[in-house]
Amino acid sequence: DYDAVIIATGPLTTPELLDSLKRYISDKGLLYFYDAISPIITFDSIDMNYAFFGSRYKKGSDDYINCPLNKEEYDALYNEIINAELYTPHIDEDLRFFEGCLPVEEIAKRGYKSLSFGPFKPVGLGYDKNNMPYAVVQLRRENKAGTLYSVVAFQTRMKYGAQERVLKKIPALRNCEIVRFGQMHRNIYLNSPIVLQKNLSLKGNERVFIAGTLTGVEGYVEAAASGIMVAHSVRAYLDRREFEPPPDMTAMGLLYRYITGEIKIGREFNPSNINKGLFLHNKERRYSERLAHNALKLFMDYASTIKKYYL
Ligand SMILES: Cc1cc2nc3c(=O)[nH]c(=O)nc-3n(C[C@H](O)[C@H](O)[C@H](O)COP(=O)(O)OP(=O)(O)OC[C@H]3O[C@@H](n4cnc5c(N)ncnc54)[C@H](O)[C@@H]3O)c2cc1C
């Protein structure tokens, strides 16, 4: 008994709600991927004799602590990661991970140097070329007081004992105290191009609108952007007019076109954040400042056009 309802229950939507959604969408309409979070350790347990503060390329504030590793230490860490015992999900299905946030053990499996040339690369941290460590593991401040730090790019599904053994291979973390272990999550999202109408409501029930990461957008900003679009769309629905999405070639407009299936990247519909690739789906060869300026102008024009509906 409602005019319109917005479902924005996110990647960990409860099974009960999913069951009721299944009344309006087919099995093909429901997708999933796995991702994981990193362990969090206490600042007091970090040995600062083997670590130092500083953000990569001096970007942002000094919210990071860097833990350098020589080749021998990297070897020991890498071997421990590769051989770590892993949790497996209870459901019998493929473990599909989000490429943008792979567990550390998945990255390690891709090759010996995948970490030292990837998230543990020692560049941009003030070393001169001849005096670089082999790799650097970064820790990121997790609270205002600076008492808790997460291990960057260490999202993992290792068993708890294994996480402890692995982290203790890092000289600065030999005595680390883990207050929250890394864990894996099963994230749900809809196959939006086949289940959503152009106004972001379900094809199976025009009064049910979907917002947030459930639509296949990925990230905090994107989830919020999706919520804003759906709010405008619901208003249009209640006013009995057509929803006017943000213009193509703006970040929000491109995200909208991605989830409604106008823009296709790859064979399957995968969650996407706002990225330069979306801007290049047209004939644009390169993301440029011109595109960014143009997007801003288009968006401001759009905002002033839709303002009239709210006066
Ligand atoms: C563990 C984890 C860490 C993440 N970290 C990041 C990050 O660092 N940066 C980033 O950009 N993105 C991150 N994401 C991805 C994603 O951007 C965020 O999850 C984002 O908060 C999703 O926004 P949302 O509004 O879609 O859902 P959520 O923020 O998850 O909000 C959904 C809400 O609905 C509630 N809910 C669920 N089921 C029901 C129900 N049946 N009835 C009523 N309420 C219900 C939930 O309790 C929750 O409060 C992370 C995701 C996870 C799972």
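Note that ligands are numbered from 1 as they come in the structure, with each ligand's atoms numbered from 1 the same way. Numbering starts at 1 and runs along the sequence shown. Bear in mind that the values here come from a model prediction, so they are computed numbers and not experimental data.
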Using a 4.5 Å cut-off on heavy atoms from C-beta on, say whether the side chain of Leu202 contacts that of Leu21. yes

Do the rings of Tyr78 and Tyr112 sit parallel, tilted or perpendicular, given the 30° and 60° boundaries? perpendicular

Would you mind checking which non-hydrogen protein atom is closest to atom 13 (C) of ligand 1, with the distance to 0.1 Å? Tyr220 CE2, 3.6 Å

Nearest heavy atom to atom 53 (C) of ligand 1: which of Ile7, Asn187, Leu214 does it belong to? Asn187

Heavy atom under 4.0 Å from ligand 1: found in Ala8's side chain, backbone, both, or neither? backbone

Do Phe209 and Phe243 pass the side-chain contact (heavy atoms from CB on, under 4.5 Å) test, and can you show the C-alpha distance, the side-chain angles, and the key distance before you say yes or no? CA-CA 12 Å; Phe209 292 75; Phe243 169 52; over 6 Å; no

Can you find a pair of side-chain heavy atoms, one from Met184 and one from Asp35, that are under 4.5 Å apart? no

At under 4.0 Å between heavy atoms, is it the side chain or the backbone of Thr9 that contacts ligand 1, or both, or neither? both

Counting from 1, what ligand 1 atoms have a heavy atom of Gly212 closer than 4.0 Å? 26 (O)

Is the shortest side-chain heavy-atom distance between Phe33 and Pro271 below 4.5 Å? yes

Would you mind finding which of Val221, Ile210, Thr213 brings a heavy atom closest to atom 26 (O) of ligand 1? Thr213

Could any protein non-hydrogen atom be found less than 4.0 Å from atom 18 (C) of ligand 1? yes

Could an N or O of ligand 1 be found under 3.5 Å from any N or O of His185, whether backbone or side chain? no

Between Tyr189 and Phe269, how do the two ring planes meet: parallel, tilted or perpendicular, split at 30° and 60°? tilted

Counting only heavy atoms on the protein side, is anything nearer than 4.0 Å to atom 40 (C) of ligand 1? yes

Validate the cation-pi geometry between Arg241 and Tyr309: distance from NZ or CZ to the six-membered ring centre under 6.0 Å, angle to the ring axis within 45°. yes

Report yes if some heavy atom in the side chain of Tyr34 is under 4.5 Å from a heavy atom in the side chain of Arg157; otherwise report no. no

Stepwise ring-ring contact (aromatic ring centres under 6.0 Å, His included) check, Phe120 with Tyr74: CA-CA 10 Å; Phe120 302 166; Tyr74 179 80; 7.1 Å; no

For Leu17, take its heavy atoms, then give the atoms of ligand 1 lying under 4.0 Å from any of them. 41 (N)

For Lys71, does the NZ atom sit with more than 12 other heavy atoms under 6.0 Å from it, leaving out its own atoms? yes

The test is side-chain contact (heavy atoms from CB on, under 4.5 Å); show your working for Leu173 and Val137 and say whether it passes. CA-CA 10 Å; Leu173 305 186; Val137 175; 5.5 Å; no

Using distance alone, decide if ligand 1 has a nitrogen or oxygen within less than 3.5 Å of any nitrogen or oxygen in Gly219. yes

For atom 47 (O) of ligand 1, state whether the nearest protein heavy atom is under 4.0 Å away. no

I'd like to check which ligand 1 atoms, numbered from 1 as shown, lie under 4.0 Å from a non-hydrogen atom of Ile37. 1 (C)

With respect to atom 25 (O) of ligand 1, which of Pro11, Ala223, Ser226 exhibits the smallest heavy-atom separation? Ala223

Per-atom contact, atom 11 (O) of ligand 1, protein heavy atoms, under 4.0 angstrom: yes

Can you list the ligand 1 atoms lying under 4.0 Å from a non-hydrogen atom of Glu218? 15 (C)

So which heavy atom in the protein is nearest atom 28 (P) of ligand 1, and how far is it from that ligand atom? Gly10 CA, 4.2 Å

Examine Thr14 against ligand 1 and note whether any of their N/O atoms are separated by less than 3.5 Å. yes

